[in-house]
Amino acid sequence: MKKASVILTSALALGLLAGCGNNTNNAPAATNAPAETTAPAANATNAGTETAKYQDGTYYGTAEADAKTGWQSFAILTVEGGKITKADWNAFNVNTAGDLKKKVSEDGKYGMKEKGGAQADWHEQAATAEAFLIEKQDPAAITVNAEGKTDAISGVSMGVNDFVAAAQAALAAGPAQAGALKDGGYHAEGAEFDPNNGFKSTVDLTVVNGNVVAAKFSGVNKDGIDKQQYSADGKYGMKAAGAQAEWHEEIAKAQAYYVENKGTAPALNDEGKTDAISGVSISVGEYFTLAEKALEGAK
């Protein structure tokens with residue numbers, strides 16, 4: 001790979017926290033976002049021979065979420081000395097929250113190679129695409145066909161159109177200030193199952209570029225059934241009992257509020273209910289408490 005001509009030797013480090021798992025005692029669990037691809041060290045004899053193309057800083061951009069899978073790609077690019085020196089292509093899931101896509105792939109849960117017969121797993125192909133961008137210094141150098149795939153990058157057979165879109169969006173937006181949290185997936189759950197409905201509350205969050213970007217407020221019963229899905233399947237029956245909406249519809253508004261307000265909870269009464277979120281009549285206080293607990297590992 002061609003070495004970048006102007007690269008500062010001090011790199012901006014992105015703090016990433018590892019681990020995600022069940023927490024039966026309200027203790028948070030977190031997972032690391034895998035490391036981004038970094039450009040090779042600069043050759044001092046060539047320093048200063050090229051004009052800086054980009055303003056120094058960290059850039060963040062997203063592509064549109066996949067309507068079928070819920071994965072939403074993002075790119076975090078680091079520019080030093082006018083050159084892209086680090087690139088991180090990853091994705092978070094807007095439906096399930098939790099672990100980032102690289103972590104899911106590294107843990108063998110995405111299964112692109114094992115189940116789909118691909119030449120390499122998602123995180124491995126993503127790293128190859130990142131290295132290509134650092135070499136070429138321009139997302140437009142990654143030409144894509146109608147299927148979103150490219151012949152420009154050897155060893156990459158999966159679609160890269162979301163990477164191109166996210167990187168272009170990042171560079172168009174300019175340097176962005178990262179939030180204070182550590183990137184990754186975080187989980188917390190209630191201490192016991194509700195004796196009335198049989199579910200234990202669960203919260204899954206995703207942090208990207210220091211901010212909460214996805215949340216899922218749900219629950220699980222002793223059979224491992226997800227509460228949101230149980231409600232969506234018509235088995236919880238809140239509307240049949242006279243409620244204005246089903247449980248999964250109301251809780252979705254609460255988790256959207258949490259993301260839109262950057263992890264801030266609304267004012268709650270003694271019953272854990274709120275007037276701050278239109279269309280939400282259920283008790284949501286425990287979910288905001290669990291969300292705060294989950295993020296303890298992100299601070």
Check this for me: [X], atom [atom1], are more than 12 non-hydrogen atoms of other residues, nucleotides or ligands nearer than 6.0 Å?
X	atom1	result
D151	CG	no
Q244	CD	yes
E292	CD	no

At their closest point, which heavy atom of [X] faces which heavy atom of [Y], and how far apart are they?
X	Y	answer
L290	T202	CD1-N, 4.5 Å
P266	A276	CB-CB, 3.7 Å
F92	T206	CB-CG2, 3.7 Å
V94	Q72	CG1-OE1, 3.4 Å
K113	Q119	CE-O, 3.9 Å
M158	W122	SD-CD1, 3.2 Å

Taking the side chain as every heavy atom from C-beta outward, state whether [X] and [Y] have any atom pair closer than 4.5 Å.
X	Y	answer
I251	Y287	yes
D88	K102	yes
M238	I282	yes
S73	W89	yes
W71	V104	yes
Y236	N197	yes
P139	L133	yes
T274	F288	no

> Under a single-linkage definition using a 4.5 Å side-chain heavy-atom cutoff for Ile, Leu, Val, Met, Phe, Trp and Tyr, are M112 and F163 assigned to the same hydrophobic cluster?
Replying inline: yes

> Does V284 belong to the same Ile/Leu/Val/Met/Phe/Trp/Tyr cluster as V220, with side-chain heavy atoms less than 4.5 Å apart forming each link?
Replying inline: no

Under 3.5 Å: donor-acceptor pair, side chain of [X], backbone of [Y]:
X	Y	value
D162	A63	no
T78	K86	no
S105	K101	no
Q125	A120	yes
D107	K109	no
D138	A140	yes
Y54	Q137	yes
E189	G219	no
D183	N209	yes
N261	T264	no

>> Assess the residue pair Y258 and L205 against the criterion (side chain to side chain contact (heavy atoms under 4.5 Å, CB included)); give the C-alpha distance rounded to whole Å, side-chain angles, the decisive distance to 0.1 Å, and a yes or no.
In response: CA-CA 10 Å; Y258 182 77; L205 306 174; 3.7 Å; yes

>> I need the E130 CD to L77 CG distance, nearest 0.5 Å.
In response: 9.5 Å

> Rounded to the nearest 0.5 Å, how far apart are CG of D204 and CG of D99?
Replying inline: 8.5 Å

> Could you walk me through whether F199 and Y230 pass the ring pair (Phe, Tyr, Trp, His ring centres under 6.0 Å) check?
Replying inline: CA-CA 10 Å; F199 285 95; Y230 189 81; 5.3 Å; yes

>> Within the 3.5 Å criterion, strictly below it, is a donor on S218 or D226 matched to an acceptor on the partner's side chain?
In response: yes

> Which salt bridge (Lys or Arg N to Asp or Glu O under 4.0 Å) pairs, counting each pair once, include a residue from residues 243-263, with sequence neighbours left out?
Replying inline: none

>> Strictly below 4.0 Å, N to O, side chains only: are D194 and K227 in salt-bridge contact?
In response: no

